Enquirer: 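Sharing a structure with you now.
Note that the structure is predicted; figures quoted are calculated from it, not measured.
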Amino acid sequence: MNKSQLPPATTGGLLSSPRNRAIIFQCLALLAVVACAFYFTSNMFDNIEKRGITTGFSFLGETAGFGVSQSLIAYDDTTSTFLDVFIVGILNTLLVGVIGIICASVFGLLIGIGRLSSNFIVAKLSLVYIETFRNIPILLQILFWYNIVLAALPGPRQSFSYFESIFLNNRGLLLPEPIFQSGSIFILIAFVIACTAVIFLTRWAKKRHDQTGEEFPLIKVSLAILIVSPLLAYFVTGQPITAEYPALKGFNFQGGLAIIPEFLALTFALSIYTATYIAEAVRAGIEAVASGQKEAAESLGLKKHVILRKVVLPQALRVIIPPVINQYLNLVKNSSLATAIGYPEIVTLFSGTTLNQVGQAIEIIMMTMAVYLTFSIVISLLLNWVNAKMEIKGR
Amino acid sequence: MAVYTFKEAKAAPSTSRGVLFWLRENLFSDIKNSVLTLLGIYIVYIMIPPLLDWMIFDATWSGTQKEIVNSGARWIFIIEKFDQFMYGFYPVAEDWRPNLVGLISIAFLLSLKFIPNIKVKLGLMLIYPFVCFVLISGGWFGLEEVPTEKWGGLMLTILVAAVGIIASFPIGIVLALGRQSEMPILKTLCVGFIEFIRGVPLITILFMASVVLPLFFSDGIDFDKLLRALIGITLFQSAYIAEVIRGGLQAIPKGQYEAAESLGLGYWQGMLLIILPQALKISIPNLVGSFISLFKDTTLVLIIGLFDVLAMVTLTTSDALWLGYEIEGYVFVTMIYWVCCFSMSQYSKSVERKYHTEH
């Protein structure tokens with residue numbers, strides 16, 4: 001009800017004025033919510049007392065005592081606490097999220113562009129890809145890759161091997177692990193310096209372009225700087241990065257960087273699935289650019305790649321980015337399905353294993369939800385920032 | 001004086017129409033395009049023939065599993081376990097009940113379309129869920145009672161999706177109206193609920209419904225597992241429906257609200273007679289999209305221990321006789337989901353085209 005446009009209160013008693021009605025209605029709604037909350041919490045405390053469930057967060061300090069198959073921080077079965085489990089879970093969720101987002105964006109962009117290709121076969125194949133993977137539940141896809149495809153891979157002894165350094169078998173993917181010796185810090189420093197140099201170069205090139213209209217081959221030069229300087233540092237400091245190669249010892253591989261099959265299945269399925277949505281967003285965004293814009297740019301005699309970069313993309317991105325960011329959030333939320341295949345992320349570790357051991361359902365579920373709520377708040381802040389930045393600036 | 005003679009019209013150049021022209025234009029316009037075309041053909045070549053071989057030409061359709069010699073799919077597994085995939089542990093003798101419910105549902109949907117009288121429609125809407133519930137769960141009118149633990153398979157999937165859609169619809173409308181209202185407390189409550197639900201994954205809501213919800217009620221009230229899942233799914237879906245309908249409400253021009261007010265209609269009259277019908281019509285494609293998501297999301301109930309059609313794959317293949325038949329199971333379930341979701345999305349596209357009146 002729009003207060004400002006309502007007629008003034010009439011004389012017909014308390015209820016006839018819309019403003020009073022609104023206040024009474026809201027009070028009733030609030031009362032109902034408070035009453036429900038009171039009923040639930042009092043029942044909750046009764047039940048907790050009756051069943052002898054402990055409350056509070058003191059369980060976080062207790063030793064967990066179970067193993068975790070993948071952890072980004074130091075984790076030990078015998079000494080690590082439930083708080084460590086919580087952190088390991090969050091980090092593993094983030095790991096799947098970040099890798100999944102990168103892969104899904106690359107796939108999605110390629111497929112989205114392919115969908116608009118003038119090549120008949122490429123366009124139809126992209127369409128088939130989108131319609132196939134978008135219409136199958138993501139949980140089914142995760143289970144399929146994990147239970148069928150990865151389980152069908154050979155055992156460690158018959159692994160697929162690539163260049164004698166990458167191995168794929170039913171226990172996961174093994175990669176050479178980089179080992180940083182002293183002196184490798186200089187490579188990082190060189191890389192940071194190169195990045196700064198590229199930023200200054202970009203500014204200088206833009207300024208020169210504004211003043212003289214001359215184009216500078218910015219992308220090629222920047223790439224060269226970014227690649228050459230760390231490489232130079234690598235050789236000057238005497239090649240301080242070596243790699244430890246995985247090697248078959250007995251029945252399994254030792255050394256190297258082992259990526260567990262649960263991670264492979266989950267990340268692959270999430271990327272493939274989310275990519276279909278990103279592809280559709282990309283297509284919708286590019287199609288949303290009025291064809292007159294492109295024709296106008298062509299009639300000005302601009303080159304094809306300049307049209308794409310300076311006319312089409314800036315307008316398309318405004319339409320593409322918001323739904324894509326929402327898909328990123330969906331990907332992170334969908335990573336919770338890992339619990340079906342046992343990848344140790346926050347839901348598996350916390351709402352699964354920890355809940356079974358501790359039994360404090362309320363605290364544990366609330367903490368899990370709080371993690372995801374934090375992600376979604378961060379992502380929506382990001383979305384608002386992007387939207388504000390991309391707004392059409394009228395003069 | 002020169003006499004002008006007509007010349008024969010030249011035939012159109014062979015390269016500007018026809019199959020060859022189409023091929024050249026769409027597949028081989030330049031080197032890059034030709035490479036992409038060949039790559040595409042190669043992908044089709046390595047994917048399609050083996051897939052067809054496996055699914056159809058080399059597949060085993062009948063006989064007993066001992067006689068399997070073909071290298072293709074062993075569909076006899078699906079045929080053998082078909083009943084379980086459809087109805088879970090529902091007693092085979094009672095299968096006619098879910099089937100009858102399916103027929104009643106189709107008749108119900110058709111009657112909504114063809115019966116003009118709104119009172120009859122409302123009456124049917126009130127009777128329909130009750131009839132379905134009695135038929136499936138039994139215990140009345142001499143029907144054998146079937147406890148919910150025995151419900152399963154595709155029947156359960158459809159049931160969860162249908163209840164989620166139907167129950168969340170009115171809640172979603174109320175939430176959307178609450179979010180649009182100018183009463184601050186009401187608005188805050190609705191926004192809080194919607195954003196909370198949309199910020200967390202469905203699986204945590206299902207966990208909450210299955211482990212925390214029972215703690216909220218006093219001992220006498222005992223929920224069964226299916227009901228808890230249904231509550232969780234309904235809460236989840238109503239937040240999403242609310243956002244879809246909010247989009248529809250926002251698309252209604254302000255003049256419509258003002259027109260309703262100027263006619264002297266109250267809030268509810270104006271909403272029900274003027275605003276909501278238009279808003280819902282605009283929202284149809286997005287609502288269908290949201291139903292598709294829900295239909296796919298029903299698979300998550302397997303994580304809290306209900307036996308939907310996807311869970312049946314694990315269950316049927318743990319039968320000692322049928323170990324190692326997962327792939328047929330997954331492919332079969334995939335096809336069910338794909339056909340349902342794809343047809344729904346095509347329907348939503350056709351609706352979108354129907355209402356697309358701009359140029």
Enquirer: What part of A:I365 lies closer than 4.5 angstrom to a heavy atom of chain B: side chain, backbone, both or neither?
Expert: side chain
Enquirer: Strictly less than 4.5 Å between heavy atoms, which residues of residues 202-214 of chain B line up against chain A? Please order them by number.
Expert: B:I203, B:T204, B:I205, B:F207, B:M208, B:V211, B:V212, B:P214
Enquirer: Among residues at least two apart in sequence or on other chains, which ones pass side-chain hydrogen bond (donor to acceptor under 3.5 Å, both in side chains) with A:Y328?
Expert: A:S105
Enquirer: For the residue pair A:N330 and A:K333, establish whether any side-chain heavy-atom pair is separated by less than 4.5 Å.
Expert: yes
Enquirer: As an exercise: rank B:I292, B:L300, B:T314 by heavy-atom pairs under 4.5 Å with chain A and give me the winner.
Expert: B:L300
Enquirer: Do the ring planes of A:Y39 and B:F217 sit parallel (below 30°), tilted (30 to 60°) or perpendicular (above 60°)?
Expert: perpendicular
Enquirer: Looking at A:S42, A:P137, A:S376, which has the largest count of heavy-atom pairs under 4.5 Å with chain B?
Expert: A:P137
Enquirer: Using side-chain heavy atoms (C-beta onward) and a distance below 4.5 Å, is A:I341 in contact with A:W145?
Expert: no
Enquirer: Within the structure provided, determine whether B:K349 and B:Q346 are in side-chain contact (heavy-atom separation under 4.5 Å).
Expert: yes
Enquirer: Specify which of A:L355, A:D46, A:L329, A:N147 makes the most heavy-atom pairs with chain B at under 4.5 Å.
Expert: A:N147
Enquirer: With chain A as the partner, which of B:Y257, B:F28, B:F216 has the greatest number of non-hydrogen pairs under 4.5 Å?
Expert: B:F216
Enquirer: Considering only heavy atoms, which portion of B:V333 lies under 4.5 Å from any heavy atom of chain A: side chain, backbone, both, or neither?
Expert: both
Enquirer: Given heavy-atom pairs under 4.5 angstrom as the criterion, report whether the side chain, backbone, both or neither of A:I148 touches chain B.
Expert: side chain
Enquirer: Rounded to the nearest 0.5 Å, how far apart are OG1 of A:T55 and CD of A:E363?
Expert: 6.5 Å
Enquirer: Tell me if the CE atom of B:M335 is crowded by more than 12 foreign heavy atoms within 6.0 Å.
Expert: yes
Enquirer: What residue in A:L373, A:N334, A:V371 has the most heavy-atom pairs under 4.5 Å with chain B?
Expert: A:L373
Enquirer: Going by residue number, which parts of residues 114-131 of chain A are within reach of chain B, meaning a heavy-atom gap below 4.5 Å?
Expert: A:S118, A:N119, A:F120, A:I121, A:V122, A:L125, A:E131
Enquirer: Give me the ring orientation class for A:Y372 and A:F375: parallel if the planes are under 30° apart, tilted from 30 to 60°, perpendicular past 60°.
Expert: perpendicular
Enquirer: Using non-hydrogen atoms only, which part of B:I41 is less than 4.5 Å away from chain A: side chain, backbone, both, or neither?
Expert: both
Enquirer: Taking NZ in A:K50 as the centre, count heavy atoms belonging to other residues, nucleotides or ligands within less than 6.0 Å. Is the count above 12?
Expert: yes
Enquirer: Go through A:L30, A:T368, A:I138 and name the one with the most non-hydrogen pairs under 4.5 angstrom from chain B.
Expert: A:L30
Enquirer: Under 3.5 Å, side-chain donor or acceptor atoms of residues 183-196 of chain B against the rest of the protein: list the pairs with distances, not counting sequence neighbours.
Expert:
residue : atom : partner : partner atom : Å
B:T188  : OG1  : B:P184  : O            : 2.5
B:E195  : OE2  : B:R179  : NH1          : 3.2
B:E195  : OE2  : B:R179  : NH2          : 3.2

Enquirer: Using 30° and 60° as the class limits, which term best fits the ring planes of B:F77 and B:Y325: parallel, tilted or perpendicular?
Expert: tilted
Enquirer: Can you check whether B:Y267 reaches B:L177 side chain to side chain, under 4.5 Å on heavy atoms?
Expert: yes
Enquirer: Kindly give the heavy-atom pair with the smallest separation between A:Y273 and A:I136, and that separation in Å.
Expert: CE1-O, 3.5 Å
Enquirer: Relative to chain B, which of A:V33, A:T374, A:T132, A:T41 shows the most heavy atom pairs under 4.5 Å?
Expert: A:T132
Enquirer: Determine, step by step, whether A:I346 and A:F86 satisfy the side-chain contact (heavy atoms from CB on, under 4.5 Å) criterion, reporting the C-alpha distance in whole Å, the side-chain angles of both residues, the deciding distance to 0.1 Å, and the verdict.
Expert: CA-CA 7 Å; A:I346 182 76; A:F86 185 61; 3.5 Å; yes
Enquirer: Would one find more than 12 heavy atoms of other residues, nucleotides or ligands at under 6.0 Å from atom CD1 of B:I31?
Expert: no
